[in-house]
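A quick write-up on the structure given underneath.
All of these numbers come straight from a predicted model, not from anything done at the bench. Computed from heavy atoms alone, side chains included, the values below leave out hydrogens, waters and symmetry copies. So you know, we letter chains A, B, ... as the sequences are listed, proteins then strands, and number each from 1.
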Amino acid sequence: MVRLKTRLKKELLSRLGDAFPLPVSEIEVAYPPQQSLGDLSFTFPFKLAKLRQTNPRQVAQEFLPYFSGLGGVERAEVAGPGYINLYLDRKAFFRQQLESLDTPSLQPEEEKIIIEHTNINPNKAAHIGHLRNACLGDTLGRCLKYKGEQVEIQNYIDDTGVQVVDVVFGLMELEKKTLTDLENIKDKLDYYFWDLYARTSAYLASHPEAEVRKAEILKKIEHGQDPEAALGFAISRRILRAHLQTMKRIDVTYDLLPCESSILGLKFWEKAFALLKDRGAISVADKGPNAGCWVMRLEEEEDKEKVIVRSDGTVTYVGKDIAYQLWKFGLLGKDFFYQPFIEEDGRTIWITTTSPKKVPVSFGRATKVYNVIDSRQAYLQKIVVQGLKSLDYFEQAAKSIHFSYEMVALSPKSLKELAYEVSDEEKDKSFLEVSGRKGLGVKADDLLDRLEEKALAEVETRNPDLPAEAKLAIARQIACGALRYFMLKFARNSLIVFDFEEALNFEGETGPYLQYSAVRLNSIFRKLEDKAGFGPRELEFLLSEKNMLLEALPEAEKRDFWDLVFYASQFEESVLHSILSLEFSHLAKFAFNLCQKMNAYYHLYSILGEENRDRKEMRIRTIFYVREILKKTLFLMGIPLPEKM
RNA sequence: GCGCCUGUAGCUCAGUGGAUAGAGCGACGGACUCCGGAUCCGUAGGUCGCAGGUUCGACCCCUGUCAGGCGCGCCA
């Protein structure tokens with residue numbers, strides 16, 4: 001469809017020549033609200049009429065002749081108050097669509113794109129908020145790759161910050177445990193620390209004197225002194241592995257894990273600091289509450305200053321982030337060292353390190369960067385971009401995209417289910433923020449477990465004869481599909497108030513519905529082969545046959561056929577739209593609508609049982625086309641396609 | 001106080017300035033001796049928070065206003 005629209009515009013423009021006084025961008029190709037009004041719709045007569053102060057319908061009439069005989073267009077007519085509507089040559093259109101299934105029409109625009117997502121502090125288990133982040137980031141990556149872009153996925157690991165310090169404190173001071181004790185904890189370590197982190201936070205809040213010990217731990221971790229440093233390292237690495245394991249369950253993976261320890265160890269900040277100082281981008285505040293700090297000012301808010309370096313000389317989180325962002329664009333003049341962290345399924349996840357290693361990989365040097373971070377961090381992201389601007393990297397600043405999304409919160413009902421004790425001030429709220437510090441949240445693995453369990457029960461009743469292993473594999477795919485669709489179906493600015501019942505639903509607008517639709521399509525093809533001997537070879541032959549008898553279909557069916565096929569053909573447009581608006585709920589809606597149309601279609605028109613050969617062949621082409629589009633859409637959303645359901 | 005976001009059916013949410021505002025859930029009523037009922041079809045349900053403005057045309061843009069959320073740390 002993207003291809004057709006561009007071609008039509010181009011053809012039209014060359015015909016119009018100077019007769020058309022408006023810029024090309026004003027030629028908008030839309031879709032009429034009903035099939036009976038045509039397939040494509042031009043609205044420029046309205047704009048032109050305004051310019052000329054005449055009647056839009058008159059303008060439309062005047063330009064109508066230019067539309068006759070356009071390639072692939074059957075006829076054009078003026079409709080309503082001044083639209084020019086096109087009716088496509090359906091047979092030619094469908095044939096073209098079938099032929100170009102394997103050749104995407106989207107074009108890459110960047111040399112290299114980095115997406116940073118997930119970024120879970122390695123001191124506790126992943127929760128539903130992290131799942132939303134990972135699903136959005138991963139889907140963006142899949143879509144950009146489909147578009148032809150070179151994409152690198154990074155998951156930033158803050159392995160030295162105060163959050164890790166907190167759990168080291170908890171382990172040493174509250175639990176009185178050593179490194180050996182830690183190694184003897186064989187259970188899920190991320191779960192263990194979920195509880196310990198919450199307990200430690202509560203303890204620290206009520207024991208201010210503990211701050212001294214905390215500061216000591218932080219210092220020792222930063223300077224690599226044991227046992228604190230070794231403990232911090234052991235904890236963060238093991239929890240990181242647990243996180244990667246969790247993300248693998250929803251088919252999310254990474255290319256590189258940049259660590260804060262590397263940024264500190266390799267003195268990235270010192271380099272960035274020198275650059276910023278040279279440019280005068282940051283300055284020492286000589287008075288006010290920030291006296292003695294290096295601060296940066298925001299362009300729009302002159303009165304506000306953000307501390308980058310504290311009065312004790314240590315750098316804040318934003319400072320490190322500016323250095324990291326500079327590195328992503330290859331502007332820092334320094335690089336990490338790398339080593340493999342996990343090697344499986346034929347691919348390697350790399351991690352940064354401070355010790356020189358010879359490796360056959362390189363990272364960074366992107367021309368565009370997406371940071372998938374929730375909307376609460378908008379202010380900080382703005383400062384990072386400001387850092388680039390103040391170094392005169394305007395192009396990179398413009399291509400530093402904060403992929404912002406709203407958080408996942410908990411409904412009162414789910415609080416009850418989690419047996420969370422609500423404090424008085426929390427009582428009146430209609431939802432509560434997930435908080436690792438409070439130990440309040442739905443752990444990612446718990447949710448996935450419950451989804452799997454429910455899916456497995458369904459599979460047991462529907463496919464009791466399958467081997468246990470196959471049932472489990474299917475249940476996992478369904479759980480993944482359910483979760484990913486759930487995280488994608490909401491617009492990113494929509495706050496998700498998490499509710500178990502809603503998230504565990506497999507009916508209606510859900511991932512399993514999409515999977516089921518695709519599975520049913522596959523099942524029809526399987527039956528075609530088993531019962532009618534219509535296998536891959538016959539299918540290939542049918543598709544290569546140029547002559548399709550669209551006219552063999554009755555009028556009503558022709559309309560339904562076209563409605564389905566024409567909608568499916570808008571797939572790439574939907575992908576592009578999602579990328580441009582960073583709104584993957586569009587893609588989710590597209591998939592859902594496509595399935596609805598598809599399900600209604602095959603309900604109405606039998607494929608296996610159809611006696612008339614021409615009709616049967618048209619229907620096979622149709623469901624084949626839709627299946628292929630659906631498969632692509634599911635893949636881009638990271639929703640697996642089970643064999644059976 | 002300032003900044004950003006949100007307000008659409010009972011609930012949860014979609015909705016490129018374009019033609020009659022749509023889904024799902026829930027409710028109610030149905031579906032072929034059937035290509036799998038995780039499906040399909042139908043019914044009910046709307047002053048698109050409110051008030052102005054711009055426009056040939058506004059859920060969409062602008063202004064104001066009300067309500068809710070989130071930011072505005074020498075935390076990350």
C1' gap between C4(B) and G42(B), integer Å: 44 Å
Say you draw a straight line from CD of Q570(A) to CG of L594(A); how long is it, rounded to the nearest 0.5 Å? 10.0 Å
Between C1' on C32(B) and OH on Y601(A), what's the gap in Å once rounded to a whole number? 18 Å
Would you list the protein and nucleotides 42-44 of chain B atom pairs, both N or O, that sit under 3.5 Å from each other?
none

What's the gap between G46(B) and C11(B) when it is taken at their P atoms, as a whole Å value? 12 Å
For the pair made of CZ in R520(A) and C1' in C40(B), what is the distance, rounded to whole Å? 10 Å
Rounding to the closest angstrom, what is the interatomic distance between C66(B) and G26(B) at atom P? 39 Å
Distance check, C1' atoms only: G7(B) and U47(B), in whole angstrom units. 15 Å
Grab the CD-P distance between E305(A) and C74(B) for me, whole Å please. 9 Å
Mind calculating the distance between CD (E583(A)) and C1' (A14(B)) to the nearest angstrom? 10 Å
Measuring only the C1' atom in each nucleotide, how far is A27(B) from G45(B)? A whole number of Å is fine. 10 Å
C5(B) phosphate, OP1 or OP2: any side-chain N/O from Y379(A) under 4.0 angstrom? no
Does the structure place the NZ or CZ of R450(A) under 6.0 Å from the centre of the six-membered ring of F500(A), at an angle of no more than 45° from the ring's axis? yes
Proximal nucleotide (of A38(B), U55(B), C70(B)) relative to the E433(A) side chain: C70(B)
Centroid-to-centroid, Y324(A) to Y156(A), below 6.0 Å? yes
U39(B) P sits how many Å from K644(A) NZ, rounded? 19 Å
Axial cation check for Y567(A) ring with K597(A), 6.0 Å and 45° limits: yes
From the list G36(B), G71(B), A76(B), which nucleotide is the closest neighbour of the side chain of R462(A)? G36(B)
If we take the P atom in both G18(B) and C59(B), what is their distance in whole Å? 10 Å
P gap between A44(B) and G10(B), integer Å: 15 Å
Between CD of E643(A) and P of A38(B) the distance, given in whole Å, is 18 Å
Could you check how far CG of N493(A) sits from P of C60(B), rounded to whole Å? 18 Å
Atom-pair distance (CG on N599(A); C1' on C32(B)), nearest Å: 17 Å
Looking at F42(A), F46(A), F63(A), F44(A), which hits ring pair (Phe, Tyr, Trp, His ring centres under 6.0 Å) with Y83(A)? F46(A)
Among the nucleotides C74(B), C70(B), G36(B), whichever has the atom closest to the side chain of N290(A) is C74(B)
Separation of the P atoms in U8(B) and G68(B), to the nearest angstrom: 15 Å
Which sits closer to the 5' end of RNA chain B, S517(A) or S585(A), going by the nucleotide each is nearest to? S585(A)
Closest-nucleotide ordering on RNA chain B, the 5'-leading residue of I474(A) and S606(A): S606(A)
Nucleotide by nucleotide, 5' to 3', does protein get under 4.0 Å of the base (B), only the sugar-phosphate (S), or neither (-) in nucleotides 16-24 of chain B, counting heavy atoms? B-BBB--SS
Cation-pi check, K454(A) onto F506(A) ring (under 6.0 Å, within 45° of axis): yes
Is any side-chain nitrogen or oxygen of R310(A) closer than 4.0 Å to OP1 or OP2 of G73(B)? no
